[in-house]
Amino acid sequence: IMISKKMTTALNNQVTAELYSSYLYVSMSAWLKAEGSPGAAHWMGLQAREEVFHAMKMYNYILDRGGQVKLGAIEAPPLKWKSPLDVFEAAYAHEQKVSALINNLMTLAKSENDHALEIFLQWFVTEQVEEEASALDVAQKYKLAAGQGAGLFMIDQELGGRALSAEVKDALTATLTAAD
């Protein structure tokens with residue numbers, strides 16, 4: 001069964017949104033690194049890679065269901081923030097927006113009785129809960145540190161220890177290998 005044109009358009013829009021998320025997190029990473037927060041920059045760099053993984057997961061789903069991938073333009077992200085706290089609060093707000101987009105996709109899939117897509121999207125619904133919680137957790141740590149140097153240093157050290165999940169690492173390696 002082919003995916004509907006309406007659903008294909010919605011998923012293509014989500015691919016673009018996921019790629020924008022990656023672009024946003026790359027921008028955040030660059031700002032954090034320039035501001036002397038290499039651990040937070042590392043955290044955001046990995047977040048950017050995860051967003052590419054999400055985009056490619058949807059890209060492959062569209063193709064697997066007989067749809068046509070149509071990539072949209074990606075707008076330029078912001079370049080500056082006030083503080084690392086501001087960065088992570090912006091990331092949290094952005095993840096809330098992405099969650100709403102995923103929920104809208106789920107609603108559309110339900111309205112079209114596309115059960116396969118509902119099952120596929122359930123992974124993203126669960127993932128968004130984790131994405132929001134992760135960004136909020138970091139923002140709360142920055143609030144607790146209240147701009148104190150030692151606390152900021154400790155948070156940055158912790159964020160520098162983040163690693164990609166095996167699922168994301170394997171998928172990105174496979175994607176890059178397939179592109180060769």
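- Atom OG of S21 sits about 7.5 Å away from atom CD of Q14, to the nearest 0.5 Å.
- The side-chain heavy atoms of L117 and L108, taken from C-beta on, include no pair separated by under 4.5 Å.
- Within 6.0 Å of the CZ atom in F120, the count of heavy atoms belonging to other residues, nucleotides or ligands exceeds 12.
- Rounded to the nearest 0.5 angstrom, I155 CD1 and L159 CG are separated by 7.0 Å.
- No side-chain heavy atom of T16 sits under 4.5 Å from any side-chain heavy atom of L19.
- Put simply, the side chain of T107 gets close to the backbone of N103: a donor and an acceptor are under 3.5 Å apart.
- To the nearest 0.5 angstrom, D86 atom CG is 8.0 Å from M28 atom CE.
- The side-chain heavy atoms of H54 and E127, taken from C-beta on, include a pair separated by under 4.5 Å.
- A116 and Y61 get closest at one heavy-atom pair: C-OH, 3.5 Å.
- If you take NZ on K141 and CZ on F88, they are separated by 10.0 Å, rounding to the nearest 0.5 Å.
- Ring pair Y20/H94: centre-to-centre distance below 6.0 Å.
- The hydrophobic cluster containing Y92 does not contain F124, counting ILVMFWY residues as joined when their side-chain heavy atoms lie under 4.5 angstrom apart, directly or transitively.
- Between W123 and F53, the ring center distance clears the sub-6.0 Å criterion.
- Heavy-atom minimum distance, A135 versus A91: CB-C, 4.2 Å.
- Counting all heavy atoms, side chain and backbone alike, V26 lies closest to A48 at CG2-CB, 3.6 Å.
- Between the CD atom of E132 and the CD atom of Q96 there is a distance of 5.0 Å, given to the nearest 0.5 Å.
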Audit row: E131, E51, side-chain contact (heavy atoms from CB on, under 4.5 Å) steps and yes/no: CA-CA 10 Å; E131 298 279 330; E51 300 304 338; 3.5 Å; yes
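- Other residues, nucleotides and ligands contribute only 12 or fewer heavy atoms inside 6.0 Å of the OH atom of Y23.
- W43 and L136 fall into different hydrophobic clusters, where Ile, Leu, Val, Met, Phe, Trp and Tyr side chains are chained together by heavy-atom contacts under 4.5 Å.
- Residues M7 and L105 are in side-chain contact: their nearest non-hydrogen atoms beyond the backbone lie under 4.5 Å apart.
- Between K6 and E112 no salt bridge is recorded (no basic side-chain N to carboxylate O distance below 4.0 Å).
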M56 vs Y59, side-chain contact (heavy atoms from CB on, under 4.5 Å): CA-CA, chis, key distance, verdict: CA-CA 5 Å; M56 293 308 296; Y59 166 98; 3.5 Å; yes
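- Side-chain contact between S99 and V125: absent, with no pair of heavy atoms (C-beta onward) separated by less than 4.5 Å.
- Closest of all the heavy-atom pairs between G39 and D156 is N-OD2, 2.9 Å.
- Between W31 and L79 the shortest side-chain heavy-atom distance does not fall below 4.5 Å.
- Note that CG of L24 is 11.0 Å distant from OG of S29, once rounded to the nearest 0.5 Å.
- A salt bridge is defined here as a Lys NZ or Arg NE, NH1 or NH2 lying under 4.0 Å from an Asp or Glu carboxylate O, and E18 with K57 fails to meet this definition.
- Closest of all the heavy-atom pairs between Y142 and A40 is OH-CB, 3.6 Å.
- Two residues are said to be in side-chain contact when any heavy atoms from C-beta on lie closer than 4.5 Å; I3 and D114 meet this criterion.
- Under the 4.5 Å side-chain heavy-atom criterion for ILVMFWY residues, a single connected hydrophobic cluster contains both I74 and V69.
- Counting all heavy atoms, side chain and backbone alike, T8 lies closest to Q68 at CG2-O, 3.5 Å.
- Annotation: side chain of Q47 is in contact with side chain of E95 (closest heavy-atom distance under 4.5 Å).
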side-chain contact (heavy atoms from CB on, under 4.5 Å) between V15 and L71, intermediate numbers included: CA-CA 7 Å; V15 168; L71 299 175; 3.8 Å; yes
Residues R49, L46; criterion side-chain contact (heavy atoms from CB on, under 4.5 Å); working and verdict: CA-CA 5 Å; R49 290 183 196 154; L46 294 186; 3.4 Å; yes
